[in-house]
Amino acid sequence: YTVFSLWDTYRNLTQLQTLLFPDKEIDMVRSMIDIYKEWGWMPKWELYGKETWTMEGDPAIPIITDLYLKGFRGFDIQAAYEAFYKSATMTSSDNLQRPDNAPYVQKGYIPLGYFAADMSGDNSVSHALEYYVADNALSLLADALGKKSDARMFRNRSLNYRHYYSKESGTLRPINADGTFLTPFNPEDGANFTNCPGFHEGSAWNYTFYVPHDVPGLVKLMGGKKKFVDKLQMVFDKGLYDPSNEPDIAYPYLFSYFKGEEWRTQKTVTELLEKYYTDKPDGIPGNDDCGTMSAWAIMSMMGFYPDCPGSPYYTLTTPVFDKVTLHLDKTYYPKGDLVIETHKTQAGQRYINRVLQNGKTLNGFRISHKQLVEGGKLVYELK
């Protein structure tokens, strides 16, 4: 397989493929590992046999970790871990996967100007955030492989996003070479794909909540649950959310981490689907990015979404359809088909009263992959 637009697809498309086409997803992972064996690096944005180096991060890590943690085998996980450890720890200029890994490892963050002298083209915060997410996934994989010290090291690195948080702006903020925050600074700069220091294809608002592996830690930095929820809601209320690009694509699902606030996820996702996904020629909000935008819609419409790459869990939301049947391959999912039904007492209901799996009420609004694919019936009762 070729054309691995991984910066895009690691967020949701590969998880959808793992459910519906696990045989193909395993073959794709085998192809990715073969790429590493042939030239020494995992793909980042590989196109027809050539690495383009487009975008940033280390996205092969959460993809392969996700597949492994969901119980899939049949690929060389030791070779994959070797590749991941190499890119995550090498601090010389020979690190093609993470060209700015030296300050990331040594300081815990990447300062402005290290990767790009032209500040308008510097994407230091974006680069670091992608590494944090990848290193969290790598810590999960290391733990599963029995590499406990590695797991602790990579988990600790993934928490260094805290360096970027500015109480003054209430957002993540670029850091100068001398360790001070960039000044002057406007968190709204960078919107609509305009250049701004520190962020790639987005503003600080499109990136500040992209810490899916440590939501409790980010909540603490922001001053508690209420301030976190209010600030996240403000992003939507003021039109600062960008539905056409990947960095903030999982924002609507963050509300469901807080008991009593899950309705915000259900309301926001429903409204985004109605507004941005239509049957018109421009019926998706921007470039589909090899299926990523469509996968967001498909999974959101079915009622569950993988909001933390590399972690085998989903957040539940209100399904669009009365009934959906996922025909799960019994070779990989012995329990077979999963049926998702939505029950309403009247038209227009969009909030979840409770979710039942095979007649038993689920606790909360998150579900593990293992639990999801046990087969049978998932029923959403709306109110």
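Both backbone and side-chain heavy atoms feed into the values below; hydrogens, waters and symmetry mates do not. Everything numeric in this text was worked out from a predicted model, so none of it was measured.
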Check the orientation of [X] and [Y]. Use parallel for under 30°, tilted for 30 to 60°, and perpendicular for over 60°.
X    : Y    : answer
F72  : H369 : tilted
F258 : F228 : tilted
W205 : F209 : parallel

Looking at [Y] and [X], is any side-chain nitrogen of the basic one under 4.0 Å from a carboxylate oxygen of the acidic one?
X    : Y    : value
D214 : R162 : yes
E374 : K335 : no
E25  : K70  : no

Atom of [X], atom of [Y] and distance for their closest heavy-atom approach:
X    : Y    : value
R73  : I26  : O-CD1, 4.0 Å
P252 : T268 : CB-CG2, 4.0 Å
K383 : I352 : CE-O, 3.8 Å

Within 6.0 angstrom of [X] [atom1], more than 12 heavy atoms from elsewhere:
X    : atom1 : value
K238 : NZ    : no
Y313 : OH    : no
K107 : NZ    : no
N363 : CG    : no
D237 : CG    : yes
D282 : CG    : yes

Should [X] and [Y] count as side-chain neighbours, where that means a heavy-atom distance under 4.5 Å?
X    : Y    : answer
H200 : M55  : yes
F236 : Y251 : yes
W41  : E51  : no

Which residues satisfy the salt bridge (charged side-chain N to carboxylate O under 4.0 Å, His left out) test with [X], sequence neighbours excluded?
X    : value
D27  : R30
E130 : R11
E341 : K377

Task: Of V320, L16, T317, the residue whose pairing with M302 passes side-chain contact (heavy atoms from CB on, under 4.5 Å) - done: L16

- [ ] Test T315 against every option in I367, V269, D307 by the side-chain contact (heavy atoms from CB on, under 4.5 Å) rule and name the one that passes.
- [x] D307

- [ ] Check the pair D143, R155 against salt bridge (Lys or Arg N to Asp or Glu O under 4.0 Å), reporting the backbone distance first and the verdict last.
- [x] CA-CA 10 Å; D143 186 67; R155 173 61 180 172; over 6 Å; no

Task: Qualifying ring pair (Phe, Tyr, Trp, His ring centres under 6.0 Å) pairs, either residue in residues 5-36, two or more places apart - done: none

Task: Qualifying ring pair (Phe, Tyr, Trp, His ring centres under 6.0 Å) pairs, either residue in residues 156-192, two or more places apart - done: Y109-H163

Open item on the list: So, using side chain to side chain contact (heavy atoms under 4.5 Å, CB included) as the criterion, who are the partners of A191 when residues are at least two apart?
Closed with: none

TODO: With sequence neighbours excluded, tell me which residues meet side chain to side chain contact (heavy atoms under 4.5 Å, CB included) with W263.
DONE: E261, K267, Y351

TODO: Write out all pairs satisfying side-chain hydrogen bond (donor to acceptor under 3.5 Å, both in side chains) with one or both partners inside residues 220-229, taking only residues at least two apart or from two chains.
DONE: K226-D230

Task: Inter- and intrachain pairs under salt bridge (Lys or Arg N to Asp or Glu O under 4.0 Å), touching residues 200-209, at least two apart - done: none

Open item on the list: Test: salt bridge (Lys or Arg N to Asp or Glu O under 4.0 Å). Region: residues 179-196. Which pairs qualify, not counting sequence neighbours?
Closed with: none

- [ ] Just jot down the ring pair (Phe, Tyr, Trp, His ring centres under 6.0 Å) partners of Y277, sequence neighbours excluded, or say none.
- [x] W296

TODO: Only counting residues at least two apart or in another chain, list the ones meeting ring pair (Phe, Tyr, Trp, His ring centres under 6.0 Å) with F365.
DONE: none

